[in-house]
Amino acid sequence: MAEYDLGASFIPALYKPADLLPIAKHREALLYLIETNAVTIVVGQTGSGKSTQIPQFLEQAGWCEDGKIIAVTQPRRVAATTVALRVAEEVGCEIGKEVGYSIRFEDVTSASTRIKFMTDGLLIREALVDPLLTRYSVVMVDEAHERSVSSDILLGLLKKIRKRRPELRIIISSATLQAEDFLRFFTKDAADEVSDTPTTDQIGSIVSLEGRTYPIDILYLESPAEDYVEKCISTALDIHVSEPEGDILVFLTGREEIETAVQAISERSAQLPPHSKSILPMPLYAGLTTEQQMYVFEEAPANTRKVIFSTNIAEASVTINGIVYVVDCGFVKLRAYNPKMGIESLTATPVSKAAAAQRAGRAGRTKPGKCFRLYTEESFRTLPDATVPEIQRSNLAPFILQLKALGIDNVLRFDFLTPPPAELMTKALELLYSLGALDDYAKLTKPLGTRMAELAVEPMMAKTLLSAQSFGCVSEILTIAAMTSLGGNVWVGQEEEKRRVESTRRKFAAEEGDHLTLLNVYQAFVTKGRKEGRFAHDNLLNFKALTRAVSIRAQLKRYLERFGIAVDESLSSYGTGNNKAEQIRRCLTTGYFAHAARMQPDGTFRNVSGDTVLHAHPSSLMFNRKADWVIFHEVFESGNKIYIRDITKIEKGWLLQYAPQYYQIRS
DNA sequence: GAGCACTGC
């Protein structure tokens with residue numbers, strides 16, 4: 001404790017010498033554990049230095065001899081890059097030399113790289129080429145407690161690899177709550193392999209590292225709040241009036257709530273008592289541009305308290321200094337997947353105890369803090385311990401395809417940390433079969449299935465891309481694939497005047513629907529707007545997203561060329577009624593036949609079986625146009641409506657032509 | 001007739 005206080009009083013916050021981190025005194029013990037255990041679970045509090053120090057300890061202890069590399073995986077790209085930069089600085093090397101990182105589109109490593117930070121998804125991809133990950137002597141899976149689909153799958157793979165490579169060392173960083181689960185996962189049914197290992201090493205053990213956080217007072221409501229948005233607003237104002245200095249972070253569930261709260265604070269701050277400090281409300285959610293997000297990191301003007309209304313983005317992805325008060329509304333929007341209808345939804349759900357603890361922890365980063373939970377202590381006790389892992393509530397088709405490509409044929413018996421519901425697996429297998437990626441024996445087809453697995457787009461788009469050659473529209477589908485991967489981030493300016501948004505979009509509109517409109521946008525961007533930000537700005541386009549589309553397209557093109565598919569980049573016209581447009585629409589149908597719908601006289605859509613009402617999303621051209629049969633990229637439920645987005649007109653006959661079995665089964 | 005939490009290859 002004394003060391004803790006000393007550090008706090010004498011060491012400037014921006015620079016903490018590694019020697020003074022609590023982890024330093026555990027160095028020898030940690031190295032011994034890793035040496036003698038195949039699997040080490042590290043329970044480290046925020047600020048324990050685990051992600052930055054452990055790789056350096058390992059490197060110094062000789063784990064990189066004979067050219068082997070230490071891999072550290074992160075769930076997010078920003079974490080992979082920023083942690084790598086910090087370690088490179090501590091080591092005193094240029095980034096990309098001894099310490100490097102690798103994320104999609106950015107491989108900053110070299111032949112001399114010994115410590116490599118990367119996203120967990122990327123390491124799974126490396127396993128496609130090197131199934132035993134032989135380049136690595138140690139793999140550290142950081143933030144495994146977040147339970148993303150890719151970190152779960154990576155752990156399953158590592159467990160399998162370990163049986164063939166007993167010398168591989170696996171380190172898993174976890175929150176307290178789940179450490180035992182991880183250990184049990186690696187220990188169970190390990191008994192039968194003891195004969196393979198000459199020593200009597202145990203499989204794994206858990207080690208805890210203390211962090212550097214300050215005490216946090218947790219306060220609950222005496223009785224439940226009726227309207228948590230209103231309660232968040234009034235609580236923030238109460239804190240501002242009656243609590244000492246320090247910024248406020250308020251967790252809400254989405255954009256709409258956040259904008260409401262920000263506006264309410266601006267309005268009500270006029271009624272604050274005279275002589276009181278000002279209060280500055282700020283929104284924070286992923287949909288904002290980077291520039292807009294940057295405001296929350298700036299120091300507030302003198303005599304002003306910042307109050308940041310944020311989504312879950314501030315729970316793990318983003319750290320803001322100076323937060324002393326946290327207000328937790330008790331809810332989070334979580335994705336769910338309905339395998340029967342193949343529809344994703346996003347619903348406000350009560351947070352887990354682990355998430356509530358994580359949110360509260362955001363208050364104690366710089367000094368002792370307070371967390372106001374806008375629910376009763378009794379309802380806190382009824383919360384689930386942890387959020388349901390993502391693998392149990394997602395469309396699994398992309399991951400099943402990856403597992404198959406890794407040679408794991410019997411995916412139903414793959415060793416999952418938590419097995420997904422059988423229904424999700426069945427649905428994914430059915431889709432992959434109907435796309436032709438799997439054969440009657442559920443084996444990956446060649447070359448279609450193996451190629452689909454290699455392409456970094458979802459299976460329906462992968463199939464579309466691989467059909468494009470026979471329709472003579474490879475270049476156009478490449479663009480459409482890149483544009484749809486942006487996930488609705490193409491347009492900006494939803495707060496702009498609606499009429500202006502409409503007229504601006506009309507400039508790019510194609511009669512056939514959204515996919516061809518996206519193609520027009522991209523072509524205009526690369527011919528006119530790539531160099532000057534003005535073009536994007538004037539046309540309400542997201543410059544950053546379009547630049548990303550250029551990279552994605554280039555990467556997908558390289559894949560196709562490797563498969564021997566020629567890409568003709570000559571700009572041919574594909575205007576209304578011309579044959580190119582029809583070929584593109586036919587090609588899209590070969591991948592998206594399962595996403596077909598027909599417009600009803602009232603302007604809504606019905607799916608093929610007719611049992612589900614679908615609404616064109618207001619961002620779609622088909623929102624206010626007439627159509628008959630269409631295919632769509634995406635379907636999701638929001639509020640009490642089911643929306644479809646990125647919609648293109650097709651002919652009914654094409655469905656039977658390109659997916660005969662699929663539609664026979666259903667008729 | 002009116003709007004998606006967060007990641008990732």
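Below, chain A is the first sequence line, B the second, and so on; all start at residue 1.
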S.K.: On a plain distance test, is the side chain of A:E637 in donor-acceptor contact with the base of B:dC4 below 3.5 Å?
M.R.: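 Result: no qualifying N/O pair found.
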S.K.: For A:T347, enumerate each residue passing the side chain to side chain donor-acceptor pair (under 3.5 Å) test, keeping only those at least two apart in sequence or located in another chain.
M.R.: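 Here no residue qualifies.
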S.K.: Please, which pairs that meet salt bridge (charged side-chain N to carboxylate O under 4.0 Å, His left out) have at least one residue in residues 447-467 of chain A, sequence neighbours excluded?
M.R.: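 Of all non-adjacent pairs touching residues 447-467 of chain A, those that pass salt bridge (charged side-chain N to carboxylate O under 4.0 Å, His left out) are A:E454-A:R562.
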S.K.: Base, sugar-phosphate or nothing for A:N624? Non-hydrogen atoms, less than 4.0 Å.
M.R.: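 Base contact.
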S.K.: Within this structure, what is the CH2-to-P distance between A:W491 and B:dA2, rounded to whole angstrom?
M.R.: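 Between P of B:dA2 and CH2 of A:W491: 22 Å.
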S.K.: Establish whether the base of B:dC4 is bridged to the side chain of A:R255 by a donor-acceptor pair shorter than 3.5 Å.
M.R.: no
S.K.: For A:G254 and for A:R77, find the nucleotide of DNA chain B with the closest heavy atom, then tell me which residue's nucleotide is more 5'.
M.R.: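 In this pair, the answer is A:G254.
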S.K.: Measure from CD on A:E126 to P on B:dG8 and round the result to the nearest Å.
M.R.: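 Answer to the nearest Å: 17 Å.
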S.K.: Ignoring backbone atoms, test whether A:Y285 places a side-chain nitrogen or oxygen under 4.0 Å from the OP1 or OP2 oxygen of B:dA5.
M.R.: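 So the side-chain polar atoms of A:Y285 never come under 4.0 Å of the phosphate oxygens OP1 or OP2 of B:dA5.
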S.K.: Hey, is the side chain of A:T253 poking within less than 4.0 Å of OP1 or OP2 on B:dA5, counting only N and O atoms?
M.R.: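 No.
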S.K.: Taking only side-chain N and O atoms of A:S150, does any of them lie within less than 4.0 angstrom of OP1 or OP2 on B:dC9?
M.R.: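 False: A:S150 side-chain N/O out of range (4.0 Å or more) of B:dC9 OP1/OP2.
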S.K.: Does any donor atom in the side chain of A:Q293 or A:Y285 lie under 3.5 Å from an acceptor atom in the other side chain?
M.R.: no
S.K.: For A:F605 and A:H615, what are the C-alpha separation, side-chain angles and deciding distance, and is it a ring pair (Phe, Tyr, Trp, His ring centres under 6.0 Å)?
M.R.: CA-CA 6 Å; A:F605 290 87; A:H615 298 263; 9.1 Å; no
S.K.: Counting any heavy atom closer than 4.0 Å, what does A:R76 reach on the DNA or RNA strands: base, sugar-phosphate only, or nothing?
M.R.: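 If one applies the 4.0 Å heavy-atom cut-off, A:R76 turns out to touch the sugar-phosphate alone, with no base involved.
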S.K.: At under 4.0 Å between heavy atoms, what does A:S148 touch on the DNA or RNA strands: base, sugar-phosphate, or nothing?
M.R.: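 Since no nucleic acid heavy atom lies under 4.0 Å of A:S148, the category is nothing.
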S.K.: With respect to the phosphate group of B:dG3, does any side-chain polar atom (N or O) of A:K641 fall under 4.0 Å of OP1 or OP2?
M.R.: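 Indeed not, no polar side-chain atom of A:K641 lies that close.
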S.K.: In terms of side-chain heavy atoms of A:A286, which of B:dC6, B:dG3, B:dC9 is nearest?
M.R.: B:dC6
S.K.: Nearest-Å distance, CD1 (A:I644) to P (B:dC4)?
M.R.: 14 Å
